[in-house]
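Notes follow once the structure below has been shown.
Order of listing sets the numbers, starting from 1, for every ligand and every atom in it.
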Amino acid sequence: MDTITPGSKELSDRISDAALKIEDKVIAWRRDIHQNPELSYQEKRTAALAAEHLTKLGIEVKTGVGITGVVGLLKGSKPGGVVALRADMDALPVEEKVDVPFASKAKAQWLGQTVPVMHACGHDAHVAILMGVAEVLAGLREEIAGTVKFLFQPNEEGSYDGRPSGAQSMINDGVFNEPTPTAVFGLHVTSAQASGQIALRPGGLMASADSLKIDIQGRQTHGSSPWRGVDPVVTAAQIILALQTIPSRQLDATLTPSVLTISTVHGGVRANIIPDTLEMQGTIRTHDEAVRADIKRRMEKTAIAIAESQGAKATVSIREGVPVTYNDPPLTHWGTKSLGRGVGEERIRESRPVMGAEDFSILAQKVPGMFFFLGVTPPDENPREAPANHSPLFHIHEPALKYGVRALSYLAIDYLKRTP
Ligand SMILES: [Zn+2]
Ligand SMILES: [Zn+2]
């Protein structure tokens with residue numbers, strides 16, 4: 001991989017100039033999208049904005065891919081391979097508390113309720129950046145050896161209504177067919193890095209996320225005489241503690257991080273009744289697909305065996321969420337150097353594994369993928385203390401956006417230069 005000719009310095013300068021020229025436009029798009037946020041699978045206005053922009057640039061556009069998704073196809077002047085770039089479009093049911101003139105006041109319907117809506121995860125920035133990349137690349141067609149596929153993806157955050165994630169929906173609608181890319185790149189803005197810094201790592205970058213539910217069947221009785229029934233509350237307490245020994249005592253702590261959280265416990269109605277049943281919910285996060293499978297096996301065994309020892313019955317159900325966001329190692333070793341050429345090596349950092357999850361992972365299961373973080377915390381704030389993504393106070397230092405435009409634009413052209 002290292003024998004491939006690096007992209008020319010001149011190209012990175014041209015991209016940098018082009019990104020600077022449209023910086024104000026990218027910021028204006030971001031503010032417009034920020035002020036008009038849309039929840040998962042409701043991204044009609046955002047999708048129309050992206051589609052209209054791509055069409056104006058002479059890019060072939062398909063809408064309604066994966067319900068509200070948009071796909072653009074930009075053909076370069078030279079023949080070559082295909083690379084995909086992805087931005088997610090959805091906002092969150094969060095009430096904005098950031099004091100900016102373009103703060104969101106939007107409300108929408110969410111699972112039967114009226115909720116405030118905010119781009120608290122920064123997907124407004126992702127859409128604006130990718131629209132900027134489309135404009136930069138449309139102006140550099142003579143440098144493009146092949147085709148760039150733009151994916152404006154809905155529902156990254158999860159719609160909680162039984163529909164698949166946006167990435168899965170787009171795949172179901174054939175987003176990776178005709179033409180099929182050989183790599184996919186994407187970025188996520190983060191409060192955890194300073195403005196304009198880029199952070200990534202090969203292998204597991206973000207976690208797999210599965211939800212779990214444990215139902216414990218005991219036998220209801222009077223709170224004064226537990227021996228007359230089977231207590232699901234004490235059984236649950238033992239299960240909760242034992243589950244914690246899976247990551248801490250049973251898995252090799254030096255290999256890869258994992259987290260098992262029980263986050264809800266519901267059972268019982270009054271102080272003097274031992275309830276019949278109890279329900280717990282939680283989440284499992286891992287950075288390795290083998291560990292992911294292993295942890296589930298151990299969990300089930302632990303819960304069932306402990307319940308049995310108490311005369312109760314545990315039923316464990318796991319709802320599969322997104323897989324590990326896995327950065328293809330050869331692609332990422334190459335891509336990290338390419339990013340260094342595109343935006344300057346001093347901007348590139350190695351990321352720690354992050355326990356949050358991303359449905360980009362589903363795209364990266366189909367073709368080799370590389371995902372990276374773009375820092376957006378203003379220079380006068382500490383990234384360790386800045387309000388995190390999903391906070392009502394999450395905010396973006398907008399000068400960082402141009403580095404996202406430069407990074408993805410350069411990666412796309414550089415990648416196509418290296419593929420026959
Ligand atoms: Zn998010
Ligand atoms: Zn996000």
- Task: Would you indicate whether Glu52, at its atom CD, is surrounded by more than 12 heavy atoms from other residues, nucleotides or ligands within a distance under 6.0 Å?
- Result: no

- N, O or S of His126 under 2.8 Å from the Zn ion (ligand 2): no

- Lys56 bridged to Glu135 by N-O distance under 4.0 Å: no

- About how large, to 10 degrees, is the angle NE2 of His390, then the Zn ion (ligand 1), then SG of Cys121? 100°

- Among Ile216, Ile304, Ile262, find the residue that satisfies the side chain to side chain contact (heavy atoms under 4.5 Å, CB included) test when tested with Ile239. Ile216

- Give a yes-or-no answer on whether the side chains of Glu156 and His188 include a donor-acceptor pair shorter than 3.5 Å. no

- Under 2.8 Å: N/O/S of Glu156 next to the Zn ion (ligand 1): no

- Flag His123 as yes if one of its N/O/S atoms falls below 2.8 Å of the Zn ion (ligand 1), otherwise no. no

- Task: Write the atom name of the N, O or S atom in Glu157 that is nearest the Zn ion (ligand 1).
- Result: OE2

- Item | Ring geometry between Phe371 and Phe373 (parallel below 30°, tilted from 30 to 60°, perpendicular above 60°) | perpendicular

